[in-house]
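Computed over heavy atoms, backbone and side chain alike; hydrogens, waters and symmetry mates excluded.
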Amino acid sequence: MSGPIPNPWPAAIWTNKRIVMNPPEEKIETSIKAKFKKLWIYYIWQSALASISIFAIVLALGKDKMVLISAMGATAFIVFAMPKTASAQTKNVIGGHLVGLTIGSIFYYIPIIPYYIAYPLAVGIAIFVMVALDFEHPPAAATALAVVINEVSFEVFIMITISTLILSQCRYYLRHYLKDLI
């Protein structure tokens, strides 16, 4: 059997055929400080953009839809902290949330399934459909769960659609000004 040996110890770092256990925290702190020094303005800018977009979504959805707002908060994190990743792409943000909305709606309208089966099934099937359709967006699984837990209405459909459009278009139009912070 040839090739690299897998690392069985997560706390160990393999370097040139020797193991260094527990790297010095000084090095890790230095790299974090260096990254923050280099990108500090982006940390502030992108966090402010996420806050402003969630503020608009909260005003539009209202206090009663906090579970949906939570899913949009996770989307805002991906869009503004990791804008170059695949799950921040417009097709994944919009498509993923529409899949979550659809699957959640299906389970909401099947009242014969008990909640302890419907909730996990909605999440699992939403993940399956997102992956199968190439719309991978992790927070959209929360949308499926939120829709099953809360009521489904035309208002919810419109608000999720508008929220995902706002977030994905912010990322699209600001993509040249956003950096991956992770």
Side-chain angles (χ1 to χ4, degrees), residues 39-110 113 115-116 118-182:
L39 299 174
W40 70 272
I41 195 74
Y42 290 99
Y43 280 65
I44 294 169
W45 157 250
Q46 290 172 216
S47 297
L49 285 172
S51 295
I52 291 166
S53 64
I54 294 300
F55 175 74
I57 292 168
V58 167
L59 287 180
L61 288 175
K63 187 178 173 182
D64 299 337
K65 305 289 188 227
M66 282 301 151
V67 181
L68 290 173
I69 293 168
S70 299
M72 292 304 133
T75 295
F77 178 84
I78 289 175
V79 164
F80 293 110
M82 307 182 315
K84 310 278 190 245
T85 62
S87 38
Q89 292 177 357
T90 301
K91 79 171 182 90
N92 291 346
V93 172
I94 296 170
H97 281 288
L98 288 177
V99 165
L101 179 63
T102 303
I103 301 300
S105 297
I106 290 168
F107 280 92
Y108 179 79
Y109 286 116
I110 303 175
I113 300 176
Y115 74 92
Y116 52 87
Y119 294 1
L121 270 179
V123 171
I125 292 173
I127 291 169
F128 174 80
V129 172
M130 278 188 280
V131 172
L133 295 176
D134 198 26
F135 290 142
E136 297 88 1
H137 186 69
T143 297
L145 184 59
V147 170
V148 172
I149 292 171
N150 295 321
E151 68 179 71
V152 178
S153 66
F154 185 70
E155 173 193 346
V156 169
F157 174 79
I158 294 298
M159 296 320 300
I160 288 174
T161 304
I162 289 171
S163 299
T164 57
L165 284 170
I166 289 169
L167 290 170
S168 64
Q169 292 308 294
C170 283
R171 186 207 61 88
Y172 179 78
Y173 287 112
L174 297 171
R175 70 186 179 277
H176 300 297
Y177 305 102
L178 302 174
K179 301 262 188 226
D180 275 342
L181 303 177
I182 304 285

ring-ring contact (aromatic ring centres under 6.0 Å, His included) filter on Tyr43, not counting sequence neighbours, yields Phe36
Taking ring-ring contact (aromatic ring centres under 6.0 Å, His included) as the definition, give me every residue that meets it alongside Tyr119, ordered by chain and number, with sequence neighbours left out. Tyr115
Quick test of your reading: applying salt bridge (charged side-chain N to carboxylate O under 4.0 Å, His left out), list the pairs with at least one residue in [range], sequence neighbours left out, ordered by first then second residue.
range: residues 154-174; value: none
range: residues 44-53; value: none
range: residues 78-89; value: none
range: residues 99-109; value: none

Quick one: side-chain contact (heavy atoms from CB on, under 4.5 Å) partners of [X], sequence neighbours excluded?
X: Val152; value: Ser105, Tyr108, Tyr109, Val147
X: Phe128; value: none
X: Pro138; value: Ile78, Ser87
X: Val129; value: Val99, Ile103, Ile125, Leu133

Taking side-chain hydrogen bond (donor to acceptor under 3.5 Å, both in side chains) as the test, write out the residues that go with Asp134, two or more places apart. Lys91
I'd like to check the side-chain hydrogen bond (donor to acceptor under 3.5 Å, both in side chains) partners of Thr75; sequence neighbours left out, ordered by chain and number.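 Thr75: side-chain hydrogen bond (donor to acceptor under 3.5 Å, both in side chains) contacts with His97, His137.
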